[in-house]
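Step one of this worksheet: look at the structure below.
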Amino acid sequence: MYQHILLAADGSENSVRAAIEAIKLAKSSKDSILELVMVVDIEKSKQDVLHSRSSESLLIERRRRIANVEQLLIDEHLNYKITILKGAPGPEIIRYANEQKVDILVIGSRGLNGLQEMVLGSVSHKVMKRVQCPALIVK
């Protein structure tokens, strides 16, 4: 079925729900790998770098943000890996998913109200429009 499942997560409740669905997909295929990808927004990253003591402490802090999602994968004994990207979340997820030729992308919905989504757009909406593989948005 799906050999390479890409789970875009930021540690939010929406990404936890997306992780639960990604786990279901991963369990349905014996040799699948689930790749957890987190995008560090460049604008927010500048402040993180200024306030961190070292690059190691910065990496630990970033991994801590998605620890709740990673724990779900550990509890299910899944074959997974973590990739941390830098840039604007929407375009980076799209670029990475298309370059890696993943079989499916799973991402949580942000749940913006209609007006905010019309004006700003959501990451999941942007990703859904431009990714070249099947994608699952989890509400």
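Values below: every heavy atom of this structure, side chains too, minus hydrogens, waters and symmetry copies.
For the atom pair Ser28 OG and Ile23 CD1, the distance stands at 12.5 Å (nearest 0.5 Å). One distance of note links OH of Tyr80 with CD1 of Ile5; it measures 15.0 Å at 0.5 Å rounding. For the atom pair Arg17 CZ and Ser109 OG, the distance stands at 8.5 Å (nearest 0.5 Å). For the atom pair Leu25 CG and Tyr2 OH, the distance stands at 6.5 Å (nearest 0.5 Å). Atom CD of Glu76 and atom CG of Leu34 lie 11.0 Å apart (nearest 0.5 Å). Taking CG of Asn14 as the reference point, atom OG of Ser124 lies at 8.5 Å (rounded to 0.5 Å).
With sequence neighbours excluded, the residues forming a side-chain contact (heavy atoms from CB on, under 4.5 Å) with Lys81 are Ile33, Glu35, Thr83, listed by chain and number. Partners of Ile66 by side-chain contact (heavy atoms from CB on, under 4.5 Å), not counting sequence neighbours, listed by chain and number: Leu36, Met38, Ile82. Residues satisfying the salt bridge (Lys or Arg N to Asp or Glu O under 4.0 Å) criterion with Lys24, sequence neighbours excluded, are Glu21. Residues passing the side-chain hydrogen bond (donor to acceptor under 3.5 Å, both in side chains) test with Lys129, sequence neighbours excluded: none. In this structure Gln132 satisfies the side-chain contact (heavy atoms from CB on, under 4.5 Å) test together with Asn98, sequence neighbours excluded. Remark: Asp31 pairs with no residue by the side-chain hydrogen bond (donor to acceptor under 3.5 Å, both in side chains) rule, at least two apart or across chains. The side-chain hydrogen bond (donor to acceptor under 3.5 Å, both in side chains) search around Asp10 returns Ser12, Ser15, not counting sequence neighbours. The salt bridge (Lys or Arg N to Asp or Glu O under 4.0 Å) test applied to Arg95 returns Glu92, Glu99, not counting sequence neighbours. Gln3 is linked by a side-chain hydrogen bond (donor to acceptor under 3.5 Å, both in side chains) to Ser29, counting only residues two or more places apart in sequence or in another chain. Applying the side-chain contact (heavy atoms from CB on, under 4.5 Å) test to Ala19 and every residue at least two apart in sequence or in another chain returns Leu7, Val69, Leu72.
For the pair Pro89 and Val123, the tightest heavy-atom approach, listed with the atom from each and the gap, is CB-CG2, 4.1 Å. Scanning all heavy atoms of the two residues, the minimum distance from Lys126 to Ile94 falls at O-CD1, 3.6 Å. Nearest heavy atom pair, residue Ala18 against residue Gly108, reads CB-N, 3.6 Å.
Side-chain contact check for Leu136 versus Leu105: every heavy-atom pair is 4.5 Å or farther apart. Side-chain contact check for Ile137 versus Met128: some heavy-atom pair is nearer than 4.5 Å.
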Exercise for review: Show your working on side chain to side chain contact (heavy atoms under 4.5 Å, CB included) between Leu6 and Val106 and close with a plain yes or no.
Suggested key: CA-CA 6 Å; Leu6 187 65; Val106 182; over 6 Å; no
Practice item. May I have the step-by-step check of side chain to side chain contact (heavy atoms under 4.5 Å, CB included) for Ile84 and Arg63, ending in yes or no? Key: CA-CA 9 Å; Ile84 298 177; Arg63 292 282 303 258; 4.1 Å; yes
